[in-house]
Amino acid sequence: MTRHDLAVRARRAVTPEGERSVTVGVRDGRVVDVLVGDRAPLIARREITLAEDEVLLPGLVDTHVHVNEPGRTEWEGFASATGAAALGGVTTLLDMPLNSVPPTTTVAGLDAKRAAAEGKLAVDVGFWGGAVPENSRPGDTKELTALWERGVFGFKAFLSPSGVDEFGHLSPEELLTAAEAVGEFGGRIIVHAEDPAVLETAPPASGRDYADFLASRPDTAEHAAIARVIEVARRTGTRAHILHLSSASALPLIAQARADGVPLTVETCPHYLTLEAEAVPAGATQFKCCPPIRDSANRDLLWRALRDGLIDCVVSDHSPSTPDLKDLDTGDFGTAWGGVSGLQVGFAAVWTEARRRGVDLVDVVRWMSSAPARVAGVRNKGAIRVGHDADFAVVAPEESFRVDVRALRHRNPVSPYDGADLVGRVRRTVLRGEDVGPSGAAGRMLLRD
C-alpha cells in the first residue's frame, strides 16, 4: 500500500459531492485520495483525526483583499493580513492593486509588491493588476499586456474616484479601451461599479447620521454603473466581474445580461449579508464602506440572489486603515475612510447568518471557496478533490464566540464585527498538508496559469 505524507479523517467533510464522511490522503502537498468513510485503510506518516463536533472544509478562497503593502503598510501588511486569513480558514487570497504605493498598474509596481511579500506569507497569495487612465488609452495598453504576461489574475477598474490619488478611475471611453485590450488576451476586468455622475448629484455625506451617508451613495449609482459594465462586456465579449454588489436593485439587470449570454460574474461581501443600515449606530464609522451597507430588505434580496445562483460568490473586500483615518473621535461619515475590516471573521459572520436563515454549510463553503476560485481563475484551490492543493479548514460549526477586535490578527483594531456573537470557530488551518498559524511563512506567491 502506498504511503502518504498525511491522512485526514473526518466524519463530516464538505466535498464537491456534498457533505460526507471521508479519509483524505495527501502527498507532496496535493490531495491524492479521497476515500469514503473516516476509517478507510490508508497508511500515512502523519494523521489528523477531526473531533466529533468538527467539519473538514476546503481552504477558503478570498479574492478581494486590500493588503496595502508596500506604501501603506501601517494600514495592513502581508504578515498581518495573511496571518488573519489563516486564523479565519482562508488559505488563498488575491491582493487588490490599491491601496499600495506604488499600485499594481505597472510591471514595476507588481515587482515592488512581490518583493514586499517575500518571506511574509502565512497563506498563498496572488495579485490583481489595475486598469487606470495611464494604461487604458487607445493605442497605449501595453502595460496591461505586460502585467498579464507576468501572471496577474485580471484587472481592477473604478468607474468613480477610488479614494486614493495614485489609482485613477476610468471614463466610459477608457473602460471600453481597457476591456478591448484585456479581451484580446483572454483576461477579465473586475469593476467597482458606482456611477460618478449619480454620486456628484447625490447629497454630500457629512456628520454622524448613517442615513445621510447612505443617501450619498444611492442604489441608482450602482445600477447605472453596472449597466455600463454589462454593455461593455456585451460589446467586447470580455469577461467582466462586478465587485462587492451591495444594491439588490441591479439584480434584474444582471439576470437579463446572464440570460443574454453576457460573460458576467458577480460577488457580494459578508458585511452586505450580515449587517443592516437600520442598526448602524450614530458615528460608528467602522461600518462605512463604498458602496454602502443598505437596509434589511435589500439584504434579504441579496441572500435570495445567492441561493438562486445570480450572485456567484462571497469575498471579504477587507479594506482596513489606521484608526485615525476612520475619524472615530468625531464619527463623521463624510470624512472617514471607507472600508470594512473583516478578513479573519468573514466566514463565521456569513455562516452565523446563513444558519439563522436555514442555509446549508455546503452552500456557504461553495460561495466562499470553490466559487471565488472558479470566478477568478485560481486553479487547484477551493475543493477537497484529487489533484487539488491539500488546503483545509477545520471548523466547529456550532461553537460560538464573541469577536474582540483587539484579539484579531488584523494590524489595526477597527471592525464593525467588534462585539458580535458568531458561530463557526476555525480551529485549524492546513496549507498544502502542513498546519499554518498567524506567524507562519509557508505561503507562496501564485501566478495565473
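Residue numbers start at 1 and run along the sequence shown.
- Between the side chains of Asp95 and His66, not a single donor N or O lies within less than 3.5 Å of an accepting N or O.
- Looking at Arg72 and Glu69, no side-chain N of the basic residue comes within less than 4.0 Å of a carboxylate O on the acidic one, giving no salt bridge.
- One N or O on the side chain of Thr82 and one on the backbone of Ala122 form a donor-acceptor pair closer than 3.5 Å.
- Looking at Arg9 and Thr23, their side chains do bring a donor and an acceptor atom within 3.5 Å of each other.
- Contact check for Val8 versus Val394: no side-chain heavy atoms found under the 4.5 Å cut-off.
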Stepwise, does the salt bridge (Lys or Arg N to Asp or Glu O under 4.0 Å) test hold for Glu194 with Arg217? CA-CA 8 Å; Glu194 289 183 286; Arg217 317 291 294 208; 2.8 Å; yes

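- Residue-environment remark: CZ (Arg427) exceeds the threshold of 12 foreign heavy atoms within 6.0 Å.
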What's the verdict on side-chain contact (heavy atoms from CB on, under 4.5 Å) for Ser319 and Trp337, showing C-alpha distance, side-chain angles and the deciding distance? CA-CA 10 Å; Ser319 186; Trp337 171 259; 4.0 Å; yes

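- In plain terms, the two heavy atoms of Leu343 and Ala81 that are nearest each other are CD2-O, 3.2 Å.
- Note that CZ of Phe185 and OG1 of Thr141 are 7.5 Å apart. Values are rounded to the nearest 0.5 Å.
- Summarising the local packing, CZ of Arg406 is surrounded by 12 or fewer heavy atoms from other residues, nucleotides or ligands at distances under 6.0 Å.
- Between the side chains of His223 and Ser249, not a single donor N or O lies within less than 3.5 Å of an accepting N or O.
- Between Glu267 and His244, the side chains place no donor N or O within less than 3.5 Å of an acceptor N or O (distance only, hydrogens not considered).
- Geometrically, Arg448 engages Trp148 in a cation-pi contact defined by less than 6.0 Å to the ring centre and at most 45° from the axis.
- Checking side-chain atoms of His271 against main-chain N and O of Val340 turns up no donor-acceptor pair under 3.5 Å.
- Ion pairing between a basic and an acidic side chain is recognised when a charged N comes within 4.0 Å of a carboxylate O; Arg235 and Glu231 show no such pairing.
- Put simply, NZ on Lys381 and CG on Leu93 are 10.5 Å apart, with the number rounded to the nearest 0.5 Å.
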Evaluate the criterion side-chain contact (heavy atoms from CB on, under 4.5 Å) for residue pair His4 and Val32; output intermediate values, then yes/no. CA-CA 9 Å; His4 295 70; Val32 294; 3.3 Å; yes

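- In summary, Asp38 and Arg11 engage in a salt bridge, as defined by a charged side-chain N under 4.0 Å from a carboxylate O.
- Remark: side-chain polar atoms of Asp360 are paired, donor with acceptor, to backbone N or O of Val362 under 3.5 angstrom.
- Judged by distance alone, the side chains of His169 and Ser160 never bring a donor and an acceptor atom under 3.5 Å apart.
- At distances below 3.5 Å, at least one donor-acceptor pair connects side-chain atoms of Tyr272 with backbone N or O atoms of Pro291.
- Residues Val378 and Leu94 meet the side-chain proximity criterion, which asks for heavy atoms closer than 4.5 Å.
- When all heavy atoms are compared, the tightest approach of Glu143 to Val107 is OE2-N, 2.9 Å.
- The minimum heavy-atom distance between Asn68 and Pro320, with the atom names listed, is ND2-O, 3.7 Å.
- By the 4.0 Å N-to-carboxylate-O rule, Arg307 lies too far from Asp363 to be salt-bridged with it.
- A 4.5 Å side-chain heavy-atom check between Phe155 and Val182 finds at least one atom pair inside the cut-off.
- Thr92 and Asp124 form no side-chain donor-acceptor contact under 3.5 Å, judged by distance and modelled atom types alone.
- Not one N or O on the side chain of Thr104 forms a donor-acceptor pair closer than 3.5 Å with the backbone of Gly109.
- Separation of atoms OG1 (Thr145) and CG (Asn135) is listed at 10.0 Å; rounding is to 0.5 Å.
- For the atom pair CZ (Arg12) and CD (Glu52), the distance works out to 10.5 Å, reported to the nearest 0.5 Å.
- Rounded to the nearest 0.5 Å, atoms CD1 (Ile293) and OG1 (Thr274) are 7.5 Å apart.
- The shortest non-hydrogen separation linking Arg294 to Ser247 is NE-CB, 3.6 Å.
- Remark: the backbone N or O of Trp75 is paired with a side-chain donor or acceptor of Asn412 at under 3.5 angstrom.
- Under 3.5 Å, the side chains of Glu222 and Ser246 contain a donor-acceptor pair of N or O atoms.
- Side-chain atoms of Ser415 and Gln286 form no donor-acceptor pair, as typed in the model, at a separation below 3.5 Å.
- Between Val403 and Phe401, the closest side-chain pair of non-hydrogen atoms falls below 4.5 Å.
- In this pair, His192 and Phe158 present their aromatic rings parallel. The plane angle is below 30°, not in the 30 to 60° band.
- Counted by atom type alone, Ser100 and Lys113 present one or more donor-acceptor pairs between their side chains at under 3.5 Å.
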Step-by-step salt bridge (Lys or Arg N to Asp or Glu O under 4.0 Å) determination, Glu353 to Arg357: CA-CA 6 Å; Glu353 183 66 16; Arg357 292 171 178 264; 2.8 Å; yes

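- Contact annotation: the side chain of Asp317 never approaches that of Cys289 to less than 4.5 Å [non-hydrogen atoms, C-beta and beyond].
- Taking 4.5 Å as the limit, some side-chain heavy atom of Leu273 sits within range of a side-chain heavy atom of Val314.
- Checking side-chain atoms of His318 against main-chain N and O of Gly342 turns up a donor-acceptor pair under 3.5 Å.
- Listed here is the closest heavy atom pair of Val266 and Arg258: N-NH2, 3.8 Å.
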Test side-chain contact (heavy atoms from CB on, under 4.5 Å) on Arg428 and Glu54; report intermediate values, then the result. CA-CA 10 Å; Arg428 189 172 196 165; Glu54 294 177 338; over 6 Å; no

Assess whether salt bridge (Lys or Arg N to Asp or Glu O under 4.0 Å) is satisfied between Arg30 and Asp389, documenting all intermediate values. CA-CA 4 Å; Arg30 292 284 182 97; Asp389 287 354; 2.7 Å; yes

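- Panel note: side chain Trp351, backbone Pro397; a donor-acceptor pair is recorded below 3.5 Å.
- Side chain of Ser369 to main chain of Arg366: no donor-acceptor pair is present (N/O by atom type, distance under 3.5 Å, no hydrogens or angles).
- Shown here for Ala117 and Met445, the closest heavy-atom pair between the two residues is CB-SD, 4.0 Å.
- No side-chain heavy atom of Val414 sits less than 4.5 Å from a side-chain heavy atom of Ser341.
- The neighbour count for Arg228 CZ, taken as heavy atoms of other residues, nucleotides or ligands under 6.0 Å away, is above 12.
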Evaluate the side-chain contact (heavy atoms from CB on, under 4.5 Å) criterion for residues Phe392 and Val31: first the C-alpha distance (whole Å), next the side-chain angles of each, then the deciding distance (0.1 Å), finally the verdict. CA-CA 11 Å; Phe392 312 121; Val31 174; 4.0 Å; yes

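- Separating the CD atom in Glu276 from the CG atom in Asp300 is a distance of 9.0 Å, to the nearest 0.5 Å.
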Applying salt bridge (Lys or Arg N to Asp or Glu O under 4.0 Å), run through Arg432 and Asp28 and close with a yes or a no. CA-CA 8 Å; Arg432 291 188 303 280; Asp28 298 327; over 6 Å; no

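- At distances below 3.5 Å, not a single donor-acceptor pair connects side-chain atoms of Arg425 with backbone N or O atoms of Glu399.
- Around the CZ atom of Arg46, the shell of radius 6.0 Å holds more than 12 heavy atoms that belong to other residues, nucleotides or ligands.
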